[in-house]
Amino acid sequence: MLDPKRLRANPQEVAGQLARRGYVLEVATFEKLESQRKTLQSETEALQAARNKASKEIGFAKGRGEDATPLFEQVENAKLKLAANESALSALQAEFDDFLARLPNIPHASVPDGKSEADNVELRRIGTPRAFDFPIKDHADLGEALGQMDFAAAAKITGSRFVVLRRDLARMHRALTQFMLDTHTLEHGYEELYVPYIVNADSLRGTGQLPKFREDLFGIQLADRDWALIPTAEVPVTNLLRDEIQDAAALPRKWVAHTPCFRSEAGSGGRDIKGMIRQHQFEKVELVWAVEPGKSCEAHEALVGHAEAILEKLDLPYRVVVLCTGDMGAGAAKTYDIEVWLPSQNTYREISSCSNFEDFQARRMMARYRDPTTKKNELLHTLNGSGLAVGRTLVAVLENYQRADGRIDVPMALQPYLGGMKVIG
RNA sequence: GGAGAGGUGGCAGAGUGGUCUAUUGCGGCAGUCUUGAAAACUGCUGAGUCGCAAGGCUCCGGGGGUUCGAAUCCCUCCCUCUCCGCCA
């Protein structure tokens, strides 16, 4: 959520910033809502003040044993007007809140302008894609040939965009998770969390999935509960901060959590239909930071470095791009994507997305800390990034480490997690 | 699932229709004293929002209701605790 004060003070300036990401802020609509609200609010509060005063006087009068009848009539008259005003005001405020809740974040000044993925800017490329001297296969063909990756079985059990893994591939998938968690907790100083995989609507509003992106979620229909399966651990983890005031000494908070993630993939029909790239259910190891406002840029660099460390240890070629204004998620002020090399697609594909939300999520969820110098409660900055998407990492290992005979070499860093196994198949 | 008890500021814990502008304690902050610290004493100390300000409004788990007036009464939902039952 944007700062309503800033929006009120400089609507044209905010509109200009949002235009960078292709969002049209309807300044006229906003100003009309705002002026209506202002009038109605001050009128309503004046009526409330009058009612409170009169009621108090009734109390005094009764205390003195006086007749309060004239006062009753006086209050009665104002009551109808007040009731009408209050309901009009709360309707207007709901409209205003919804308007605010749907606005995207303002892009950071360092984010390049652009309309789409094509305008993202590559920052660095690490590692060299391997030259194969045999016809390569994609991960789905490799996995199915091994008899350890079964899309048909998953389709029977549930439907498309799910997978069943068996034996060594299932084990390697689990090993990747352990390897990532160990690296982040032991080497990068993260606190490991286990969290719920189902969250309520307040949490989804806090991180920004609601009200705008309900169609991306798997909702839970249970009585009248508005719950959903988590689309990412970002939701339960970041919402730990909701309605809390952090002690400055506890900052930065650095959390890591491994969870499954569930996405409806509405609107992605036809894209990445084959294989494990785009599933309704996948595993992710997520990194979440909460920092003081002045420190989020350096935190962002550290965070992306921690995600990169996983790929470096696995010796997988990758590149880092900074997303342009038009390709960023709505809540992000700045996003780095890490893309891993996939030989079968002859290109780099997203395996991690690391975003700085600045105070956008913090304002929605009232996530604050007590500034020790000003002694005031200030909004935190929040960040998160995948470290990494486990399914896609498995895909990358299969494709980059494949052998001519269809077997898979196990990356050195992973061998200790597989009981010293050096090859799969 | 059944029965009961509860949800109040950072924490503990009063308040059961009207000076509640939410008592008090702990914690925190500032000061006095002190070489320094502790102790003692004094003062300040919930959040949000509108306003240049004075000041106003809202918030006692969520929502709704009764009333001139609700932390307090009623309805409903959520959560926590105790006991029983069931159970990974």
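The structure displayed is predicted, hence computed values, not measured ones. Chain letters run A, B, ... following the sequence lines, proteins first and then strands; every chain starts at 1. Note: hydrogens, waters and symmetry copies are ignored here, and every other heavy atom, side chains too, is used.
Interatomic distance, A:Q246 CD to A:L380 CG, rounded to the nearest 0.5 Å: 6.0 Å.
Distance noted for atom P between B:rU19 and B:rG69: 15 Å (whole Å). Across the C1' atoms, B:rA40 and B:rG51 are found 43 Å apart, a figure rounded to whole Å. Distance check on atom P: B:rG18 versus B:rC74 gives 15 Å, rounded to whole Å. With both ends at atom C1', the span from B:rG6 to B:rA14 equals 15 Å, rounded to whole Å. Taking atom C1' on both nucleotides, B:rU34 is separated from B:rA22 by 38 Å, rounded to a whole Å. Here the separation of B:rC77 from B:rG7, taken at their C1' atoms, is 14 Å to the nearest Å. Nucleotides B:rG64 and B:rC78, compared at atom C1', are 14 Å apart to the nearest Å. Here, B:rG15 and B:rU23 have their C1' atoms 8 Å apart, quoted to the whole Å.
At B:rU58, one or more side-chain N or O atoms of A:N52 fall inside 4.0 Å of OP1 or OP2 (strictly under the cut-off). For B:rG56, the OP1/OP2 oxygens have no side-chain nitrogen or oxygen of A:K53 closer than 4.0 Å. OP1 or OP2 of B:rU49 has not a single side-chain nitrogen or oxygen of A:R37 nearer than 4.0 Å.
Rounded to an integer number of Å, the gap from CD of A:E378 to P of B:rA47 is 12 Å. When rounded to the nearest whole Å, the span between CG of A:D243 and P of B:rG62 equals 11 Å. Between the CG atom of A:D202 and the P atom of B:rC79 there is a distance of 13 Å, given to the nearest Å. We find that CD of A:E86 is positioned 10 Å from P of B:rG69, with the value rounded to whole Å. Straight-line distance from the CG atom of A:D371 to the C1' atom of B:rC29: 14 Å, rounded to whole Å. The nearest whole Å value for the distance from the NZ atom in A:K56 to the C1' atom in B:rG56 is 12 Å. The distance between atom CG of A:L40 and atom C1' of B:rU49, rounded to the nearest whole Å, is 15 Å. Separating the CG atom of A:D226 from the C1' atom of B:rC78 is a distance of 14 Å, rounded to the nearest angstrom.
With B:rC68, B:rG48, B:rU49 as the choices, the nucleotide that has an atom nearest any side-chain atom of A:R51 turns out to be B:rC68. Closest approach to the A:K38 side chain among B:rU21, B:rG51, B:rA47 is made by B:rG51 (side chain taken as heavy atoms from C-beta onward). Ranking B:rC68, B:rG48, B:rC50 by closeness to the A:M366 side chain, first place goes to B:rG48. Taking the side chain of A:E45 as heavy atoms from C-beta on, and the options B:rU49, B:rC57, B:rA47, the nearest nucleotide is B:rC57. Between B:rU49, B:rG18, B:rG56, one nucleotide has an atom nearer to the side chain of A:A49 than all others, and that is B:rG56. When each of B:rG48, B:rG51, B:rC57 is scored by its nearest atom to the side-chain atoms of A:Q48, the top-ranked nucleotide is B:rC57. Comparing B:rG69, B:rA47, B:rG56 by their closest approach to the side chain of A:S55 singles out B:rG69.
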Practice problem: Start with the C-alpha distance between A:E234 and A:F357, add both sets of side-chain angles, then the distance that settles side-chain contact (heavy atoms from CB on, under 4.5 Å), and finish with yes or no. | Solution: CA-CA 12 Å; A:E234 163 193 352; A:F357 294 86; 3.8 Å; yes
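Checked by atom type and distance alone, the side chain of A:R392 pairs as donor or acceptor with a backbone atom of A:E350 at under 3.5 Å.
Closest approach of A:A307 and A:G387 over heavy atoms only: CB-CA, 4.4 Å.
Residues A:R161 and A:I273 have side chains in contact (heavy-atom distance under 4.5 Å, counting atoms from C-beta outward). Counting heavy atoms from C-beta on, the side chains of A:L251 and A:K295 never come closer than 4.5 Å.
The partner of B:rA70, taking Watson-Crick or G-U wobble pairs whose two distances both stay under 3.5 Å, does not exist in any strand shown. With a cut-off of 3.5 Å on both Watson-Crick or G-U wobble distances, the partner of B:rC60 is given as none. Across all strands shown, B:rG85 forms no Watson-Crick or G-U wobble pair with both distances under 3.5 Å. Under the Watson-Crick or G-U wobble criterion, with both distances below 3.5 Å, B:rC26 is paired with B:rG10. B:rA37 makes up no base pair with any nucleotide shown, lacking Watson-Crick or G-U wobble contacts both under 3.5 Å.
Note on A:K5: only backbone sugar-phosphate atoms sit closer than 4.0 angstrom, heavy atoms only; bases stay farther off.
More than 12 heavy atoms of other residues, nucleotides or ligands lie within 6.0 Å of CD in A:E191, so this atom counts as buried by the packing criterion.
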